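Report on the structure given below.
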Amino acid sequence: MPTRPIRTRFAPSPTGLLHVGGARTALFNWLYARKHAGTFVLRVEDTDHSRNTEEAKQIIIDGLHWLGLEWDEGPQKGGSYGPYYQSERHSIYEEYLKRLEKGGHLYEEKGAIRFRSPREKVIVEDLICGKIEFDLTNPGTHPDMTLRRPDGSWIFHFVNVVDDIEMQISHVIRGEDHLSNTPKHLELYKALGTEPPLFAHTPLILNRDGSKMSKRDLGANLGTYPQEGYVPEAVRNYLSLLGWSPKDNREILDTAEVIQLFELHNINRRSAAFDVDKCFWMNGQYLLHMDLARYTELALPFLEKAGITWESWEMLERVLSIVKPKIKSLPDLPDWVRCFFSDDFPYDEAAVAKNLSHPDAKNRLEALAEALLLLNPWEATPIEARLKETASRLGVKAGELVHPARVAVSGRSVGAGLYEMFEILGREKTIKRLLAGTH
RNA sequence: GGCGCGUUCGUCUAGUGGUUAGGACACAGCCCUCUCAAGGCUGGCGCACGGGUUCGACUCCCGUACGCGCUACCA
């Protein structure tokens, strides 16, 4: 078989959302193209007019952008094999239909154009599933497929094959839901006298309980990921491990590594269940290890949405730097940092009841405030030392000072390291809140 | 119903005839510790079932069950 340039494609139809399964299919196509210095094509299969809206198309484009899967040819990008919307390719389909017509492969039935199956056994050589034989000899079980409806609109199987031929696609990497369609597609390639692409059918993504993932199921809609605080590089990593594995027990892999290790034949044949917990964990790992600049960039929308404002970028970064190691998800951020940017933050009732209602709380916090009044320099380490001195002078454990202090200063019983919080908050506010917290 | 694909801890997976069946998430306990995380350690949890083949099956074959997909003038 002559080798041809590697060209893969993602061919979604605009349904109004980018399904996580589709996103993974796109990822695999993108990975394969990148690994082999090939071309990744985005083609929008918008033959169904009722679903073909601008918003629906934009959702696909936004989703792929967010995941970082840049296409080399397609909408907004162009290329020599366009147009990349099926709705704009009528004349091409007409041409191919004529070719089939000339070959005597077509007939008309109630205004619809149908393809007369040669009624043969068809072998699919799949890069993932292996060799599979389909028996299409019985018209009762495998009726001839329709290519065009009476109203002139096209059927998926036909345009999909035509476009893959026209766009010189070398590898069709798609969901396993198309495996049973493949022999029909092969009939079309043969009738058209064209060498078919290589096929690789990836198993589907299911819910945790093994049921199929519909658009409303948890994690199914990629469009919800950004607002839930997922970061693209983490999701890319997680998705690449759904059905594929580097086989060396490693899981945190950056994209460059995945590209290097990725092999179609290493893709599992069994379907994978989407595990939100693990995706969340992996996201946390990325959040934990990423640099502060990137973290800040990702944090911004969440802070803005919560109405938090900051006086200086430096202050913002200082706050984020002490909270970052402690927090697992971006949407939690506002509650953790509000007390640094405003005096108007809520006091958690349970925390107050537990830590500030002690009869000695007032005296202890006053003692602490006094001890810190003239501390110099105002930094975490000396603050810690001074707090511990105060605790022992009072004859209590450090925790009995720490916990009430944290609530007095932040309104909450959980948060960043207390001494760092004091340092960043500044002496004036710290002392003021220590004293106010006892009233 | 027919056809196709699949079945290793709850989940993602490693494993390709001989392993105490390994790792990760989640879960439990412990350590660390100012809370929360992170990290470390420990623990419980698995080869769907039944037949073969073989000296020996998680690994190979057949069947059953179950799951998913296709079976459209959806994509």
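Everything quoted here is computed from the prediction, not taken from an experiment. Computed over heavy atoms, backbone and side chain alike; hydrogens, waters and symmetry mates excluded. Each chain gets a letter, A, B and so on, in the order its sequence line appears, and its residues count up from 1.
Here A:Ala405 lies out of heavy-atom contact (under 4.0 Å) with every strand. Residue-level contact check: A:Ala273 touches the backbone only, with heavy atoms under 4.0 Å from sugar-phosphate atoms and none from bases. Counting non-hydrogen atoms under 4.0 angstrom, A:Asn268 reaches the backbone sugars and phosphates but no base. Within the 4.0 angstrom heavy-atom criterion, base atoms lie near A:His157. Nucleic acid contact class of A:Pro150 (heavy atoms, under 4.0 Å, all strands): base. In this structure, A:Gly415 reaches the bases: a heavy-atom distance under 4.0 Å links it to at least one base atom across the strands shown. Here A:Leu418 lies in heavy-atom contact (under 4.0 Å) with a base. Residue contacts for A:Glu45: at a heavy-atom cut-off of 4.0 Å it reaches the sugar-phosphate backbone alone, with no base atom in range. Residue contacts for A:His201: at a heavy-atom cut-off of 4.0 Å it reaches no nucleic acid atom on any strand shown. Residue A:Gly284 is classed as having no contact, given no heavy-atom separation below 4.0 Å to the nucleic acid.
Taking only side-chain nitrogens and oxygens, A:Thr47 comes nearer than 4.0 Å to OP1 or OP2 of B:A75. Note on A:Thr146: a side-chain N or O is less than 4.0 Å away from OP1 or OP2 of B:C73. Regarding contacts with the backbone of B:G15, a side-chain N or O of A:Lys247 is found under 4.0 angstrom from either OP1 or OP2. Dashed line: the shortest gap from a side-chain N or O of A:Arg149 to OP1 or OP2 of B:A75 is under 4.0 Å. Between A:Arg114 and B:C73 there is a side-chain polar atom (N or O) within less than 4.0 angstrom of OP1 or OP2.
Rounded to whole angstrom, the span from the NE2 atom of A:His142 across to the P atom of B:G2 amounts to 13 Å. As a whole-Å value, the separation of A:Gln86 CD from B:C74 P is 14 Å. Between the CH2 atom of A:Trp154 and the C1' atom of B:C74 there is a distance of 17 Å, rounded to whole Å. Rounded to whole Å, atom P of B:U13 lies 13 Å from atom CZ of A:Arg208. Atom CG of A:Asn181 is separated from atom C1' of B:U71 by 9 Å (rounded to the nearest Å). When the P atom of B:C73 is taken as reference, atom CZ of A:Arg148 falls 16 Å away, rounded to whole Å. In this structure, A:Asp151 atom CG and B:C73 atom P are separated by 13 Å, rounded to whole Å. Residue A:Lys397 contributes atom NZ, which lies 11 Å from atom P of B:U35 at whole-angstrom precision.
Under 3.5 Å, the side chain of A:Ser180 and the base of B:G69 form at least one donor-acceptor pair of N or O atoms. Between the base of B:C34 and the side chain of A:Arg406 there is a donor-acceptor pair shorter than 3.5 Å.
Remark: side-chain polar atoms of A:Ser240 are not paired, donor with acceptor, to backbone N or O of A:Tyr238 under 3.5 angstrom. Looking at A:Trp378, its side chain does come within 3.5 Å of a backbone N or O of A:Phe422 through a donor-acceptor pair. Between the A:Asn268 side chain and the A:Arg270 main chain, no donor and acceptor come within less than 3.5 Å of each other.
Nearest nucleotide to the A:Asp275 side chain, out of B:C25, B:U13, B:U35: B:C25. Proximity note for A:Glu251 (side chain, C-beta onward) versus B:A24, B:A72, B:G15: the nearest is B:A24. Distance from the side chain of A:Asp177 is smallest for B:G69 among the nucleotides B:C68, B:U71, B:G69. Comparing B:C12, B:C25, B:A72 by their nearest atom to the side chain of A:Asp277 picks out B:C25. Checking B:G10, B:C3, B:G69 against the side-chain heavy atoms of A:Phe134 singles out B:C3 as nearest. With distances taken from any side-chain atom of A:Lys326 to the nucleotides B:U11, B:A14, B:C36, the minimum falls on B:C36. Counting only heavy atoms from C-beta on, A:Leu179 has its side chain closest to B:G4 among B:C36, B:G4, B:A72. In the set B:C5, B:U71, B:U7, B:U7 carries the atom at the smallest distance from any side-chain atom of A:Arg270. Nearest to the side chain of A:Lys328, among B:U71, B:G4, B:A38, sits B:A38. Nearest to the side chain of A:His178, among B:G4, B:C34, B:A75, sits B:A75.
A:Arg148 approaches A:Glu94 most closely through the heavy-atom pair NH2-OE2, 3.2 Å. Residues A:Pro14 and A:Val44 share a closest heavy-atom pair of CG-CG1, 3.7 Å.
For the P atoms, the distance from B:C49 to B:U8 is 11 Å, rounded to whole Å. Nucleotides B:G46 and B:G23 place their P atoms 15 Å apart, quoted to the nearest Å. Across B:G15 and B:U59, the matching P atoms stand 15 Å from one another, rounded to whole Å. Across B:U71 and B:U20, the matching P atoms stand 48 Å from one another, rounded to whole Å. Distance check on atom C1': B:C30 versus B:C47 gives 31 Å, rounded to whole Å. Of the C1' atoms belonging to B:C12 and B:A26, the separation is 11 Å, rounded to the nearest Å. With P as the reference atom, B:G18 and B:G2 are 38 Å apart, rounded to whole Å.
Within a 6.0 Å radius of CD in A:Gln76, more than 12 heavy atoms belonging to other residues, nucleotides or ligands are found. Other residues, nucleotides and ligands contribute over 12 non-hydrogen atoms within 6.0 Å of the CD atom of A:Glu263. Atom CD of A:Glu108 sits in a crowded spot, with more than 12 heavy atoms from other residues, nucleotides or ligands closer than 6.0 Å.
Judged by Watson-Crick or G-U wobble contacts below 3.5 Å, the nucleotide B:A72 has no partner. Partner assigned to B:C55 is B:G18, using Watson-Crick or G-U wobble distances below 3.5 angstrom. Pairing for B:U64 goes to B:A48, judged as Watson-Crick or G-U wobble with the two contacts each under 3.5 Å. B:A38: no Watson-Crick or G-U partner with both key distances under 3.5 Å is found in any strand.
With salt bridges taken as basic N to acidic carboxylate O contacts below 4.0 Å, none links A:Glu55 and A:Lys57. A salt bridge is absent between A:Asp254 and A:Arg236: the closest approach of a Lys/Arg side-chain nitrogen to an acidic carboxylate oxygen does not fall below 4.0 angstrom.
For A:Phe262 and A:Phe28, the gap between ring centers is short of 6.0 Å.
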Tabulate atom names and distances for all N/O pairs under 3.5 angstrom spanning the protein and nucleotides 39-47 of chain B.
| residue | atom | partner | partner atom | Å |
| --- | --- | --- | --- | --- |
| B:G39 | OP1 | A:Gln285 | NE2 | 3.4 |

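Comparing A:Phe156 and A:Arg24 by the nucleotide of RNA chain B whose heavy atom lies nearest to each, the residue mapping closer to the 5' end is A:Arg24. Along RNA chain B, the nucleotide closest to A:Phe274 and the one closest to A:Glu420 are compared, and the more 5′ of them pairs with A:Phe274.
The only member of A:Arg9, A:Arg89, A:Arg7 that meets salt bridge (charged side-chain N to carboxylate O under 4.0 Å, His left out) when paired with A:Asp163 is A:Arg89.
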